[in-house]
Amino acid sequence: MHNIKDIRNNPNFFKDTLKKRFLEIDLKKILELDENNRKLIQEKENLEKEKKEISKSKNKELFEKSKSISKKIGELENKQKETKVKLENILSSIPNLPMDDVPIGKDENSNLEISKSGSVPKFDFKPKSHYELGENLNMLDFDLATKTTGSRFVFVKDKLALLERAVSNFMIDTHVNQNGYQEISPPLIASDSTMYGTGQLPKFENDQFEIKFDDKNDRKFLIPTAEVILTNMGRDKIFQLNELPLRVVASTPCFRKEAGSYGKDTKGMIRQHQFYKVELVSIVEPEKCLDELDRMTGCATKILDLLKLPYKKIVLSSGDMGFSAEKTFDIEVWLPSENKYREISSCSSCGSFQARRMKSRYKNKKNEISFVGTLNGSGLAVGRTLIAILENYQQSDGSIIIPDVLKPYMSNLDKITKK
RNA sequence: GGAAGGAUGGCUGAGCGGUUGAAAGCACCGGUCUUGAAAACCGGCAAAGGGGCAACUCUUUCCUGGGUUCGAAUCCCAGUCCUUCCGCCA
């Protein structure tokens with residue numbers, strides 16, 4: 001959510017910066033609603049003042065007048081509320097502004113590669129895809145999931161289930177013991193106001209799984225990412241300066257409808273309705289956002305370094321960034337079967353955009369209360385890490401070597417083979 | 001699911017129809033004292049929104065939404081959440 005004052009003071013900057021996202025906003029309408037809103041507030045306040053004075057005077061002759069003023073105030077208030085709701089509906093659907101150094105472009109084709117790391121494995125045979133490998137091992141079962149649930153789900157079995165657990169635990173341990181994050185095991189269900197806070201609502205309702213909770217009219221959703229619930233830990237809260245930065249990590253299932261991605265990655269477990277992800281969230285002083293973004297991205301790439309998986313780091317273009325982000329680094333891991341890099345992590349700084357929606361604030365050095373900065377990043381997507389390990393560590397016989405750092409998590413097993 | 005109690009500023013907590021935006025304490029900020037710090041003492045300290053170049057000023061806000069009243073933190077109704085007890089349950 002943007003501050004209407006910023007828009008009012010610098011409408012053209014606003015309009016131009018949003019053009020970087022290839023978005024045209026009806027600025028005239030916004031300013032008009034804003035002006036109208038303020039006019040109504042003023043009228044209302046004048047009447048309120050008058051009413052207050054009458055009541056203070058305790059002058060019985062004026063009591064009738066006070067009654068009629070109350071009526072007028074009520075009318076103005078309704079009008080003003082209506083205007084404000086209209087204004088907020090528009091504002092809440094406007095995405096964050098990209099930072100100056102974000103490359104401008106419509107989509108992923110304009111993303112910019114920053115660095116490459118690790119060496120791409122060479123095979124003297126044709127590398128198989130993760131789903132061929134998994135199905136041959138009898139440890140990935142898509143058909144079974146289709147039977148029990150539907151498409152875009154999977155059963156992970158036996159040693160691959162163990163591997164999945166190992167990956168998740170290894171990541172959390174690394175972030176907790178080496179990167180200074182606090183481990184959290186959060187609820188997997190979020191209320192509508194929580195979903196609004198991080199920007200999933202109102203605009204992306206169709207991507208979310210809403211659940212039937214009870215007969216009452218509050219709404220609940222399965223979290224599409226732990227970012228939602230972790231970032232909202234600071235909702236309606238004023239942090240003391242010494243509580244920041246707050247860094248938390250959680251490994252949770254994530255649920256997404258993947259609406260609008262029909263036909264994309266239909267095979268395998270690249271794109272599922274449910275997947276595990278280790279999520280990093282930082283709440284910081286807003287001016288420290290970009291430093292924290294670099295730090296967070298470093299925490300994510302460290303995992304790939306330790307797993308010895310080749311990857312590249314890219315900065316997303318203005319058109320490819322998520323709704324709440326001001327700057328995003330994606331990390332892509334090498335997938336031999338596709339002969340290309342695929343997204344395995346996305347680290348974003350949201351500046352104060354989410355904080356403003358959530359009323360997440362802190363007391364700064366001058367003792368003033370202002371909005372915090374929020375960041376989130378995957379560290380990493382567990383399912384996709386599993387894929388990357390399968391494909392990069394595969395052997396000609398279809399077995400999978402276990403990366404050294406994971407062995408302690410798997411009773412020192414060093415290879416997964418078919419039974 | 002049943003029964004009772006509660007929700008007040010960054011936090012704890014008084015107030016229960018009329019200068020109460022709200023006592024007190026803690027925290028925080030400034031000062032005196034001190035070589036420095038601590039302690040002690042003195043002073044300051046809510047947020048949101050509107051107007052103004054500014055000094056400043058106005059309005060709103062005591063969980064939310066309605067109602068009673070000239071006037072509500074205070075009374076009435078509905079809802080949300082929390083706590084305790086009972087029941088049920090992983």
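Numbered from 1 within each chain, the chains take letters A, B, ... in sequence-line order. Please read all numbers here as calculations on a predicted model, not as lab measurements.
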What's the [atom1]-[atom2] distance between [X] and [N], to the nearest Å?
| X | N | atom1 | atom2 | value |
| --- | --- | --- | --- | --- |
| A:Lys65 | B:U69 | NZ | C1' | 19 Å |
| A:Ile73 | B:C70 | CD1 | P | 14 Å |
| A:Ile54 | B:U19 | CD1 | P | 18 Å |
| A:Glu43 | B:U60 | CD | C1' | 17 Å |
| A:Asn242 | B:A27 | CG | C1' | 11 Å |
| A:Glu50 | B:U60 | CD | P | 13 Å |
| A:Gln240 | B:C26 | CD | C1' | 12 Å |

When the [atom1] atoms of [N] and [M] are considered, how many whole Å apart are they?
| N | M | atom1 | value |
| --- | --- | --- | --- |
| B:C58 | B:G21 | C1' | 15 Å |
| B:A23 | B:G71 | P | 25 Å |
| B:U64 | B:C81 | P | 15 Å |
| B:A40 | B:U34 | C1' | 12 Å |
| B:U19 | B:C86 | C1' | 49 Å |
| B:G18 | B:G13 | C1' | 24 Å |
| B:U80 | B:C41 | C1' | 46 Å |
| B:U60 | B:G5 | C1' | 31 Å |

Decide salt bridge (Lys or Arg N to Asp or Glu O under 4.0 Å) for A:Lys65 and A:Glu50; before the verdict, give the C-alpha distance in whole Å, the side-chain angles of both, and the deciding distance to 0.1 Å.
CA-CA 10 Å; A:Lys65 191 178 178 195; A:Glu50 200 177 334; 3.0 Å; yes
Using the side-chain contact (heavy atoms from CB on, under 4.5 Å) rule, pick out the option among A:Ile211, A:Ile223, A:Thr194 that qualifies with A:Ile189.
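Checked A:Ile211, A:Ile223, A:Thr194 against A:Ile189; only one passes side-chain contact (heavy atoms from CB on, under 4.5 Å): A:Ile211.
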Can you tell me the Watson-Crick or wobble partner of [N], both distances under 3.5 angstrom?
| N | result |
| --- | --- |
| B:A46 | B:U61 |
| B:C41 | B:G31 |
| B:G1 | B:C86 |
| B:U80 | B:A7 |

Answer yes if the ring centres of A:Phe204 and A:Phe323 are under 6.0 angstrom apart, and no otherwise.
yes
Taking the ring centre of each residue, are A:Phe255 and A:His273 less than 6.0 Å apart?
no
Determine whether a donor-acceptor pair (N or O, by modelled atom type, separation under 3.5 Å) exists between the side chain of A:Glu391 and the backbone of A:Ser337.
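It does hold such a pair.
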A:Lys56 or A:Asn78, whichever maps to the more 5' nucleotide of RNA chain B:
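Counting from the 5' end, the first nearest nucleotide belongs to A:Lys56.
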Comparing A:Glu77 and A:Phe63 on RNA chain B - which has the more 5′ nearest nucleotide
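It is A:Glu77 whose nearest nucleotide is closer to the 5' end.
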Quick one: closest heavy-atom pair of [X] and [Y], and the distance?
| X | Y | answer |
| --- | --- | --- |
| A:Glu227 | A:Val281 | CA-CG2, 4.0 Å |
| A:Arg357 | A:Leu201 | NH1-O, 3.1 Å |
| A:Thr252 | A:Leu188 | CB-CD2, 3.7 Å |

Mind checking A:Ser66 for me? I need base, sugar-phosphate or nothing, with any heavy atom below 4.0 Å counting as a touch.
sugar-phosphate
Using a heavy-atom cut-off of 4.0 Å across all strands, would you classify A:Lys71 as base, sugar-phosphate, or nothing?
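Result for A:Lys71 = nothing.
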Would you say A:Lys51 reaches B:G71's phosphate, i.e. side-chain N/O to OP1/OP2 under 4.0 Å?
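So the side-chain polar atoms of A:Lys51 do come within 4.0 Å of the phosphate oxygens OP1 or OP2 of B:G71, strictly under.
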Should A:Lys67 be listed as having a side-chain N or O under 4.0 Å from OP1 or OP2 of B:C70?
yes
Scan nucleotides 47-59 of chain B nucleotide by nucleotide, 5' to 3', and note B when protein non-hydrogen atoms come under 4.0 Å of the base, S if they reach only the sugar-phosphate, - if neither.
SSBSS------BB
Are A:Tyr276 and A:Leu386 packed together at the side-chain level, in the sense that at least one heavy-atom pair is separated by less than 4.5 angstrom?
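No, every pair of side-chain atoms sits at 4.5 Å or beyond.
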